[in-house]
2 protein chains.
Amino acid sequence: MVFPLAGPCTRFTAKREDAMTDKDGAIAALDTLLGQRLVRSKADLAAHGESESHFATTPPDAVAYPETAEEVARIVAICARARLPVVGWGAGTSLEGQAQAFQGGVSVDFTRMNKVLELRADDMDVTVQPGVTREALNHELRATGLFFPVDPGANATLGGMASTRASGTTAVRYGTMRDNVIALEVVTADGRIIRTGARARKSSAGYDLTGLFVGAEGTLGLITALTLRLHGQPEAISAAICAFPGVGEAVGAVMDAIQMGLPVARIELMDAASVAAANAYSGMDMPERPHLLLEFHGSPAAVAECSETFGEIAALHGGSGFDRATRTEERNALWEMRHNAYYAILAARPGARAIVTDICVPISKLAEAVDETRRDLQESGVQGPILGHVGDGNFHAILLIDETDAEEVAAAKAVSDRMVKRALRLGGTATGEHGVGVGKLGYMRAEHGQAWEAMGALKQAFDPLNIMNPGKLVPPRN
Amino acid sequence: MVFPLAGPCTRFTAKREDAMTDKDGAIAALDTLLGQRLVRSKADLAAHGESESHFATTPPDAVAYPETAEEVARIVAICARARLPVVGWGAGTSLEGQAQAFQGGVSVDFTRMNKVLELRADDMDVTVQPGVTREALNHELRATGLFFPVDPGANATLGGMASTRASGTTAVRYGTMRDNVIALEVVTADGRIIRTGARARKSSAGYDLTGLFVGAEGTLGLITALTLRLHGQPEAISAAICAFPGVGEAVGAVMDAIQMGLPVARIELMDAASVAAANAYSGMDMPERPHLLLEFHGSPAAVAECSETFGEIAALHGGSGFDRATRTEERNALWEMRHNAYYAILAARPGARAIVTDICVPISKLAEAVDETRRDLQESGVQGPILGHVGDGNFHAILLIDETDAEEVAAAKAVSDRMVKRALRLGGTATGEHGVGVGKLGYMRAEHGQAWEAMGALKQAFDPLNIMNPGKLVPPRN
């Protein structure tokens, strides 16, 4: 249902250069435009039909590898004439099917748009193409004293991270992509290139279009360049790890730390099952109990003070084995283990696939949300290790399923469904950082009410032909 | 010009309860709805036609004083039937004519919607009605250990501050309204009440409608409730003041402090003319030279360390008389003086009105922008003391004009025009915090290019009848 508009019909005012074509005509035109950079090999189509999550493999009709914004604009214009879907592809690491072409069409792969365009160290910002990955950017920045903090775990592209409004382990300190994208270049559904935002640190000059395209999952346009906020590398970094008797105690420590305003840079929960999986996968030897993993950034004195304060908080909640890792190698090993936790959990049940949940609740409701979820998992007999960015109130249960066992799949989906409803009941959201795609589409009306229809009206205004990643995020067209 | 839409016409799907009416019919219906809370007295109309800036007084047709979101929705629905403009009114402190009903219509005054609805200290958030002022909110919070940091100087309402995407002296540390509004309740142009955002600290659940309504200046809907992020009152606060031989040296010190990541909570510039005005108005005795005013928030040790570091930076740039104010009364006197600087400057030339400029540039361009502006002021013979939130790259020249002197007005407008063009040339924005209204409307195409037309398409989708604060922010309808 489209948001009812209480007025006269929006005028169709575009100048149409070309007549409508069919799919074959569009593919031929793309072939002329891109030559060998339009690929239709079975292997390439299959690779762009897969995801890391549990959705069915659905290959696109073609994969385009543009090198410039102008080429992207031409691709979109050609697809518009044939009403052919256009789906952006970064690193293929999204978890709700955002990059999959469920309705066919052209997968626009940004692999070749992977340049850092301009670094301005004095202003602590950088302009990059969308195919640059976060690791590549930080590698490029290593000699500057600056870094880009948003860290979703996977080595995603920055275009994909912006489109999904990604966050991850450091959001508690540095914010999400919403907070770290300053300006964008975007190709809109009619094949135009627009620029949103200025490089000034703030602006009141009209609607926040930058914020609108961040998190829009390519449904309003394709991002072709991003200007990102950089941060100074902290003078000192200290990591810590601490075991707790139960998840409730660990979450209690998190709530205390956040509510007292302790400036943690990372504060991550792994439950006992996650710890067991990580021990096996990453060769660690943590006691198989719930753990918090922390990091502190600042001056040496500030970092030491924070770490000490957290040690005291942890002790009050029964924490034990509080262990600081100040050496770089120790820290790297710790966070590599954490980043690999998803794969470790998958490996804990060979052959299994995962339904990844992603709820986020107000911090005062975190203990309740985690507790009820754990009880539900136990009662349902679903295997679902829990980990998450608990400083934000965001956590994941990784529900492991044997896809051939319909009963098990149904039980896992029911757990996931109850998790989302629990989050909404507690004032939270269906998705803290993974986005909507198709996986969370069914919850948007419950989460947003009539505001979801406003999103539909917005989509209609920007993409009247419904070619930009159709079937995702907004209400289906009627 | 409307953003050309490359597709079929948007359907008109609203159920129309009532036939179209004329203005008198609408006023009569509002009178029935609101009784004595619909006011048409000359004094009240005149008061709602004025602003603190230089725009002509243009009274609305009526002033409505709603008490609930439902009443606001009814007001908008009644106005929609008569195509009567609806203009929100908070404290009347906006500077670009945002609250003035230049096309007539109904001024919706939120004075009676001034309640703090729900404080959740554990989650560090609060839900308020739009008519609550920032001072009233902080008064309410005084016993909680929490505060709301955004401080534009004027005691504006929070609904108005959100609509203008206001910021002010503390944005360098705590961000702008964009960063501190979590969720909204909004009455849309068709008289519906929608809720945007969740109370979770982050979400990837669809388009950022909250961010879209923040800074929309009431052109997409009227905010009827806001959920705001609160911050812990810092353990220690220390203010400081420092004189510099010239503005260039002061700005140099700011750039060094920001680029090294010094965590200042406020860093404000007043040039010699602003200082002279403040001395006269607030009974201070600062040397008549450019000054920086600073504030540091944190632990006592951190605050002392920052203050000392800044003292060293200032000394390198010729700063002198670096003076710390750690006592609350000293600090309050300092910031009251700063908050009154606008009125002090106005008082420096009795009878004068002000054209307030508001450019914001990347920090690396700040010295250049201030230098060129000062030279321009001197060469044009326009009286324009400069002050600003220089930690963000944002500054104001308060251009004092005798409105009866056409030549002087023209010279001041020419200075203002060149300031905006300078900001855009340097990668900045026409308005750092005052918004567009009508005052900056003429620069939006230059600043945004085709993205301004995208804003027009968005307005068209949300407000097809063009009744919500018409004539502001977006391209005029063709």
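All values below come from the heavy atoms of this structure, side chains included, with hydrogens, waters and symmetry mates left out. Numbered from 1 within each chain, the chains take letters A, B, ... in sequence-line order.
- Looking only at side-chain heavy atoms (C-beta outward), His448(A) and Ile194(B) stay at 4.5 Å or farther from each other.
- Checking side-chain atoms of Asp123(B) against main-chain N and O of Ile363(A) turns up a donor-acceptor pair under 3.5 Å.
- Comparing Arg178(A), Glu305(A), Glu447(A), Lys365(A) by how many heavy-atom pairs each has under 4.5 Å with chain B, the most go to Arg178(A).
- Side-chain contact annotation: Ser167(A) with Lys202(B), donor-acceptor N/O pair under 3.5 Å present.
- If you tally non-hydrogen atom pairs under 4.5 Å between each of Ser203(A), Ser364(A), Gly427(A), Gly211(A) and chain B, the highest count goes to Ser203(A).
- Contact count versus chain B (heavy atoms, under 4.5 Å) is highest, among Gly261(A), Gly232(A), Cys360(A), for Cys360(A).
- Only the backbone of Val361(A) comes within contact range of chain B, with at least one heavy atom under 4.5 Å from a heavy atom of that chain.
- Heavy-atom distances place no part of Leu146(B) under 4.5 Å from chain A, backbone and side chain included.
- Of the atoms belonging to Val474(A), it is side-chain heavy atoms, and not backbone ones, that fall under 4.5 Å from chain B.
- The greatest number of non-hydrogen atom pairs below 4.5 Å with chain B, out of Gly298(A), Ala205(A), Gly435(A), is found for Ala205(A).
- The residue among Tyr443(B), Tyr207(B), Phe213(B) with the most heavy atom pairs within less than 4.5 Å of chain A is Tyr207(B).
- At a 4.5 Å heavy-atom cutoff, the contact between Lys459(B) and chain A is made by backbone and side-chain atoms alike.
- Annotation: side chain of His389(B) is not in contact with side chain of Arg201(A) (no heavy-atom distance under 4.5 Å).
- Chain B forms the most heavy-atom pairs under 4.5 Å with one residue out of Val436(A), Leu424(A), Asp392(A), and that residue is Asp392(A).
- Residue Arg120(B) does not touch chain A at all, counting heavy-atom pairs closer than 4.5 Å.
- Heavy atoms closer than 4.5 Å to chain B are found in the side chain of Asn394(A), but not in its backbone.
- Proximity to chain A involves both the backbone and the side chain of Ala216(B), based on heavy atoms less than 4.5 angstrom apart.
- Contacts of Ala302(B) with chain A are absent, with no heavy-atom separation under 4.5 Å from either backbone or side chain.
- A donor-acceptor pair under 3.5 Å is formed between the side chain of Arg165(B) and the backbone N or O of Gly206(A).
- Chosen from Val214(A), Leu220(A), Ile258(A), Leu426(A), the residue pairing most often with chain B at heavy-atom distances under 4.5 Å is Leu220(A).
- Under the 3.5 Å distance criterion, the side-chain polar atoms of Ser204(B) are matched with a main-chain donor or acceptor of Thr164(A).
- Note that the CD atom of Gln450(A) and the OG1 atom of Thr196(B) stand 13.5 Å from one another [nearest 0.5 Å].
- Residue with the most contacts toward chain A among Leu458(B), Leu212(B), Ile359(B): Leu458(B) (heavy-atom pairs, distance under 4.5 Å).
- Taking every heavy atom of both residues into account, Ala461(A) and Ala457(B) meet most closely at CB-O, 3.9 Å.
- Glu433(A) touches chain B through backbone and side chain together, each having a heavy atom under 4.5 Å away.
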